[in-house]
Amino acid sequence: MEERSLNFLEEIIEKDLAEGKYKSIYTRFPPEPNGYLHIGHAASICLNFGLAIKYQGKCNLRFDDTNPVTEETEYVESIMNDVKWLGFNWDELRYTSDYFEQLYAYAVQLIRQGDAYVDDSTAEQMAATKGDINKPGTDSAWRSRSIDENLALFEEMRAGKYPDGAKVLRAKVDMAHPNLLMRDPIIYRIKHAHHHRTGDAWCIYPMYDFAHGQSDSIEQITHSICTLEFIHHRPLYDWFIQKLGIFPSHQYEFARRNLTYTVMSKRKLLQLVNEKHVAGWDDPRMPTISGLRRRGYTPESIRNFADTIGIAKRDNITDVSLLEFCIRENLNKVANRVMAVLDPVKLVITNYPEGQTEEFDAENNPEDEQGGSRKVPFSREIWIEREDFQEQATKKFFRLAPGLMVRLKYAYIVRCDDFKKDEQGVVTEIYCSYLPESKSGNDTSGLKVKGTIHWVSVPHAQTAEVRLYDRLFRVENPANEDGDFKDYINPDSLQVVANAYIEPALTQAQPGDRFQFLRKGYFCADKDSTPGHLVFNRTVGLKDSWAKEAKK
RNA sequence: AGUCCAAUGGUGUAAUGGUAGCACAACAGAUUUUGGUUCUGUUUGUCUAGGUUCGAAUCCUGGUUGGACUACCA
C-alpha cells in the first residue's frame with residue numbers, strides 16, 4: 001500500500017477521532033435536485049463517501065429541496081443514478097423536506113426565545129436597510145414586535161393567509177455585523193408553490209441557511225463538507241445550532257474543482273441544454289456525470305481522477321489532460337482492441353488471388369493475457385485509413401507511399417507499387433503486393449518494417465456511425481473570458497462519420513461496450529445504436545506522437 | 001472600501017521548523033506487429049519585503065496578487 005499524505009480534512013478527522021471528539025464520523029452529500037451532477041460534484045461525492053469508507057463512518061445522500069420552484073423529480077432520479085454508478089452506497093436517503101415540520105418547530109422556538117421576528121418589509125425595503133460592505137444596516141421597523149404577535153403572524157403565514165412576498169421570518173442577529181449574512185437573514189419565505197415531494201402541504205419554505213445546518217444536526221453529521229463560497233455562512237450555521245441547542249455539526253469548506261475547456265456552473269450547463277448547444281444533459285461533450293458516462297468514461301477512472309486532483313482550499317483549474325490520462329490508463333487495461341477505418345481508401349493487393357479469403361487470429365488485448373483472441377477475415381481488397389498513405393512520403397513517415405512497406409496488423413507485409421487518382425486529384429485506389437512468407441506469427445521474410453497499420457476487408461466490412469467528440473470550448477476557461485461564454489464554443493466539438501468500416505466481430509457490440517479502435521482511440525457504443533445501425537462515441541483519442549512529429 | 005479565504009514548476013497536489021517530492025503536461029532516448037502501452041532520462045517552482053531561529057515553503061509582521069460575500073437561490 002502506497003503511503004499517502006493526508007489532506008486537510010483527513011487531518012481534522014484523525015485529530016477528532018484521536019481526541020475522542022467523535023466515536024465515528026458521519027458525512028453527507030447534499031445536492032439540490034435542480035440540475036444534473038457534473039465532474040465537480042463527482043469529486044465531492046468521492047470525498048464525502050470516500051471519507052466515510054476510509055474511517056468506517058457513514059454517509060447520507062440528502063436532497064436539499066427547499067426551493068420548490070426549481071426542483072424536479074427528474075433531477076432526483078438522475079442524481080441517485082449517478083451516485084450509484086460512481087460506485088457508492090448511501091447509508092440513509094434523506095430529503096430536507098422530510099424535516100419541514102421539525103424546521104418549523106425550530107423557527108417557533110427561535111421566536112419564543114426572541115431570536116426571530118416576522119418582517120412585513122418588501123424585498124426593496126430590505127435591500128435598502130441592509131447596508132453594504134462598508135455601511136452597517138439599519139433595524140427594520142418590525143424588528144421589535146412582541147413574541148406573541150410574531151408567533152401569531154408566523155402561524156398565519158403557514159396557514160396561507162398571506163400572498164408570496166408579503167412577509168418573511170427573519171433571525172434577529174445584528175444589522176451592523178460586518179458579515180452581511182448575519183444582518184438579520186431571512187429564514188422563512190412565503191411561496192405558494194407545488195413541491196416535488198410535499199405537494200401543496202406547505203406555502204412557506206425555509207431558506208438554505210435555516211435548513212442545511214439543522215438537517216446536518218438532525219442526521220448527526222459530524223463533518224459537514226461544502227465548497228468555499230459557503231464559508232461566510234459558517235458563523236450563521238453555528239449561530240443557529242447554538243441558539244437551538246442542537247447537535248453541533250461542524251462545517252468545513254474546500255475549493256470546488258474546475259476543469260479546462262469546459263464550464264462547471266449548473267446555470268451555464270442548463271443554458272447549453274436549453275439553448276440546444278448540446279443534445280441534452282447527457283450529451284457526451286458535457287462535463288456532467290451522465291455525459292461522461294455516455295462518452296465512455298468508467299466510474300473507476302473518475303474516482304481515480306478525483307483522488308489524483310486531491311482537495312485543498314485554493315482556487316484551481318485542473319488540466320483536462322489529466323482526466324484524459326485517467327480514462328486512457330483504465331481503458332488500456334480493459335478495452336478490447338478492434339479494427340475500424342474511419343476515413344477509408346481502398347487498397348488492392350494485386351498478387352493476392354481474386355476470391356480468396358483467409359482468417360487471422362487477432363489478440364483482443366495485449367495488456368491482458370486472459371483477453372483471448374478472435375478471427376479477422378482478410379481478402380484481396382481492404383480499406384485502410386486515408387492518412388496512412390502519402391503520394392510522396394515526408395520524412396519520418398513510416399506508413400504507405402510508393403516503394404514503402406508496412407505490415408497489415410495480424411496479416412502480411414505489403415509494398416506499395418502504385419496508386420490511382422481521380423480528376424480532382426483525390427487518391428482512389430492504392431496498389432500493393434504482399435509477401436506471402438511474412439504472414440503474422442510465422443514470418444520467414446526476415447524483413448523489418450517500421451509501420452503497422454489497421455485495415456478492414458472490403459467484402460467483409462460492416463458499417464457504423466462514429467461520433468468524434470472534441471472539447472466543447474476553444475478556450476481554457478470560457479467563464480473567465482470577456483462577453484458571453486457561449487461565444488467560445490468549439491464549432492468542431494462534434495464530427496460525425498456516417499459510414500465507418502468496422503470488422504465483423506464488432507457488430508455484436510451492445511450499448512455501453514467500450515473498445516479501442518486500433519491506433520485511433522477508445523470508443524463506446526452509444527445508446528442510439530439499433531441492431532442494424534451501430535453508433536460509437538469517441539471517448540478519447542490515443543496519444544499521438546506522430547501528430548506532433550508531423551507538425552514540426 | 002469592510003470582512004473572510006488563499007498564494008509551491010505550464011496544471012494539480014505533497015513536504016506540518018531540518019535533502020522542495022509525486023502525478024499530468026512538455027522534451028529526449030530505449031522497447032514495440034498500435035507512432036498505443038511499457039521503461040529510462042531531462043527541463044521548469046516556494047508571490048514579495050522584513051523579522052524569529054543554528055536552520056523557514058512552513059512561525060510572526062507589512063505589502064502584493066487572486067477569489068468569495070451586499071438573492072424572499074443553494
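Note that these values count all heavy atoms, side chains included, but never hydrogens, waters or copies made by symmetry.
In this structure, a donor-acceptor pair under 3.5 Å is present between the side chains of A/Tyr36 and A/Glu74.
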Between protein and nucleic acid, restricted to nucleotides 45-48 of chain B and to nitrogen or oxygen atoms under 3.5 Å apart, what atom pairs and distances do you find?
none

I'd like a list of close polar pairs between nucleotides 28-31 of chain B and the protein, N/O only, cut-off under 3.5 Å.
| unit_1 | atom_1 | unit_2 | atom_2 | d |
| --- | --- | --- | --- | --- |
| B/A28 | OP1 | A/Lys552 | NZ | 3.4 |

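For the OP1/OP2 pair of B/C73 and a distance below 4.0 Å, the side-chain nitrogens and oxygens of A/Lys191 include at least one atom meeting the criterion. The phosphate of B/C72 has neither OP1 nor OP2 within less than 4.0 Å of any side-chain N or O from A/Arg170. In terms of phosphate contacts, A/Lys543 brings no side-chain nitrogen or oxygen within less than 4.0 Å of OP1 or OP2 of B/U34.
Near RNA chain B, defined here as any heavy-atom distance below 4.0 Å, the residues from residues 179-189 of chain A are A/Leu180, A/Ile186, A/Arg189, listed numerically.
Distance, A/Ile311 CD1 to B/A23 P: 21 Å, rounded to whole Å. Per the geometry, CG belonging to A/Asn258 stands 20 Å off P belonging to B/G10, to the nearest Å. Between A/Tyr252 atom OH and B/A6 atom C1' there is a gap of 19 Å when expressed in whole angstrom units.
Summarising the base pairing, B/U40 is matched to B/A28 through a Watson-Crick or G-U wobble pair whose two defining distances lie under 3.5 Å.
For A/Glu72, the CD atom sits in a packed shell: over 12 heavy atoms of surrounding residues, nucleotides or ligands are nearer than 6.0 Å. Counting non-hydrogen atoms of neighbouring residues, nucleotides and ligands closer than 6.0 angstrom, the CZ atom of A/Arg415 reaches no more than 12 such neighbours.
Ring to ring, A/Phe378 and A/Tyr352 are close: their centroids are under 6.0 angstrom apart.
Comparing B/A7, B/U70, B/C72 against the side chain of A/Ala123 picks out B/C72 as the nearest. Of the listed nucleotides (B/G35, B/A68, B/C73), B/G35 has the atom at the smallest distance from the side chain of A/Asp544. Closest to the A/Asn316 side chain, of the nucleotides B/A15, B/U13, B/A6, is B/U13. Closest to the A/His232 side chain, of the nucleotides B/U37, B/C4, B/G35, is B/C4.
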